[in-house]
2 protein chains.
Amino acid sequence: MNNIEQFFESKHIRLTAMRLLIYKFLAQKDVAVTLRDVENAFEKADRTTLYRTIKTFEDKAVVHQIDDGTGITKYALCEKGCNCDIETDLHLHFHCNNCNETICLTDHKIPQIKVPEGFVSENVNLVVKGVCDKCSGQ
Amino acid sequence: MNNIEQFFESKHIRLTAMRLLIYKFLAQKDVAVTLRDVENAFEKADRTTLYRTIKTFEDKAVVHQIDDGTGITKYALCEKGCNCDIETDLHLHFHCNNCNETICLTDHKIPQIKVPEGFVSENVNLVVKGVCDKCSGQ
DNA sequence: CAATAATTGCACTTCCATTGCATAAGAGAG
DNA sequence: CTCTCTTATGCAATGGAAGTGCAATTATTG
Ligand SMILES: [Mn+2]
Ligand SMILES: [Mn+2]
Ligand SMILES: [Zn+2]
Ligand SMILES: [Zn+2]
């Protein structure tokens, strides 16, 4: 019984071949991926299965969804010990206007945002757009 | 020649009946609207015309687009003297999880966000979700 | 008025997200 | 191990929003 199996068990997710493959795919990526990316990586598998696998991961707080403003939902693995299941992740996301990739800046927490009297802030989505390190570094 | 005509002229937008109606509709709203909202308000007009009118307004920096994470694009009139034409609006947006409405917090500017070495920040989208004043105030 | 340019309406397309249902695979009881 | 029941997977279809091509209408200009 290895690490990943234990991890799945702790998250109450049954281990299947498909899920393992998709998990490993996500784990190896350092940028957020679209469903399309996953499709391209697993052409033999059905779109719906991939979709529902990601949804399962999301429900169980294995991945979190990212809305970077491109109109296409992206996903990334949650940090170990994140609390995505109880609240939105507090880190910010960076979208590169050049390479069109989106990454989690997990150690850049979202600052406290002041809202007017009467408003209650429950969570915050913060996306910074610009040029990423790979693209800016020539 | 009244105010609105002058305003349209200053923005290099030709005045048409449709545009005037839509402008007035937006001006009277205090929340961001979807294309669907506009459609419902002008059932006799064609969807495409409404769509393109909004797009024209957007191009000419009369309205700005808001991505509040619901997946549906919303629009709101720009403040007088905003600089939406040269950069994204710097104010933050609030989305109410209760009434599902989104409003511009025009006098709440987005704070400076620090990004890691090598990253260049060009603009920022900041959406706060929670309960709005109308919904929280009982 | 005629000629030209911009706006509007209709039909159609594309793309992503989501669901219903049938089948296959897996877990558990006996 | 076998039967039963649950869950996962695959296929087909749907829904909704966004965007485009083109023809018809309306506005502008000379
Ligand atoms: Mn993230
Ligand atoms: Mn705004
Ligand atoms: Zn980049
Ligand atoms: Zn509200």
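Below, read A as the first sequence line, B as the second, and so on, with proteins coming before strands; counting in each chain starts at 1.
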Note: chain A reaches DNA chain C at heavy-atom distances under 4.0 Å over the stretch, first to last nt, 5' to 3', of C:dC16 to C:dA27
message = Membership question, hydrophobic clusters at under 4.5 Å side-chain separation (ILVMFWY): are A:L92 and A:V115 in the same one?
response = yes
- Message: So that I know where these two stand, are A:F57 and A:Y75 an aromatic pair - ring centroids less than 6.0 Å apart?
- Response: no
Hits for side chain to side chain contact (heavy atoms under 4.5 Å, CB included) against B:R52, two or more places apart or cross-chain, chain-then-number order -> B:T48
Ordered by number, residues from residues 37-58 of chain B within less than 4.0 Å of DNA chain D (heavy atoms) are B:R47, B:T48, B:Y51, B:R52, B:K55
Look at the side-chain heavy atoms of Ile, Leu, Val, Met, Phe, Trp and Tyr, link any pair under 4.5 Å apart, and say whether A:V63 and A:L90 land in one connected group. no
Quick one: do B:L35 and B:L50 satisfy side-chain contact (heavy atoms from CB on, under 4.5 Å)? Show the steps, please.
CA-CA 7 Å; B:L35 182 57; B:L50 301 173; 4.2 Å; yes
In terms of heavy-atom contacts, B:A32 and B:D37 come closest through O-OD2, 4.4 Å
Residue set satisfying side chain to side chain contact (heavy atoms under 4.5 Å, CB included) with A:V120, at least two apart, ordered chain then number -> B:V131, B:S136
**Prompt:** Does one hydrophobic cluster hold both B:I13 and B:F42, with members joined at side-chain heavy-atom distances below 4.5 Å?
**Reply:** yes
For A:V127, the hydrophobic cluster (side chain heavy atoms closer than 4.5 Å, chained through members) also holds none
Applying side-chain hydrogen bond (donor to acceptor under 3.5 Å, both in side chains) to B:K109 and not counting sequence neighbours gives none
Side-chain donor-acceptor pairs under 3.5 Å in residues 64-72 of chain B, sequence neighbours left out?
from	atom 1	to	atom 2	distance (Å)
B:H64	ND1	B:A76	O	3.3
B:H64	NE2	B:H91	NE2	3.3
B:H64	NE2	B:H93	NE2	3.3
B:D67	OD1	B:G69	N	3.1
B:D68	OD1	B:T70	N	2.9
B:D68	OD1	B:T70	OG1	2.6
B:D68	OD2	B:K74	NZ	2.9
B:D68	OD2	B:H95	ND1	3.4
B:D68	OD2	B:T102	OG1	2.5
B:T70	OG1	B:I72	N	3.4

Readout for nucleotides 23-30 of chain D: B = base within 4.0 Å of protein heavy atom, S = sugar-phosphate only, - = neither; 5' to 3' it is -----S--
The correct set of residues in residues 17-26 of chain B placing a heavy atom under 4.0 Å from DNA chain D is none
Do A:V31 and A:C99 touch side chain to side chain, with heavy atoms closer than 4.5 Å? no
With five pairs defining each end axis, the helix from C:dC1-D:dG30 to C:dG30-D:dC1 comes out bent, to 10°, by 20°
So the side-chain hydrogen bond (donor to acceptor under 3.5 Å, both in side chains) pairs with at least one residue in residues 13-29 of chain A (sequence neighbours excluded) are none
A:V38 and A:T34, any side-chain heavy atoms less than 4.5 Å apart
no
Answer yes when A:K129 and B:E122 have at least one side-chain N-carboxylate O distance shorter than 4.0 Å, and no when they do not. no
**ILVMFWY cluster, B:L77 and B:F94 together (side-chain gap under 4.5 Å)** = no
Check your understanding: So, does B:D59 use its side chain to make a donor-acceptor pair with the main chain of B:T56 at under 3.5 Å?
Key -> no
In numerical order, the residues of residues 68-78 of chain A whose heavy atoms come under 4.0 Å of DNA chain C are A:I72, A:T73
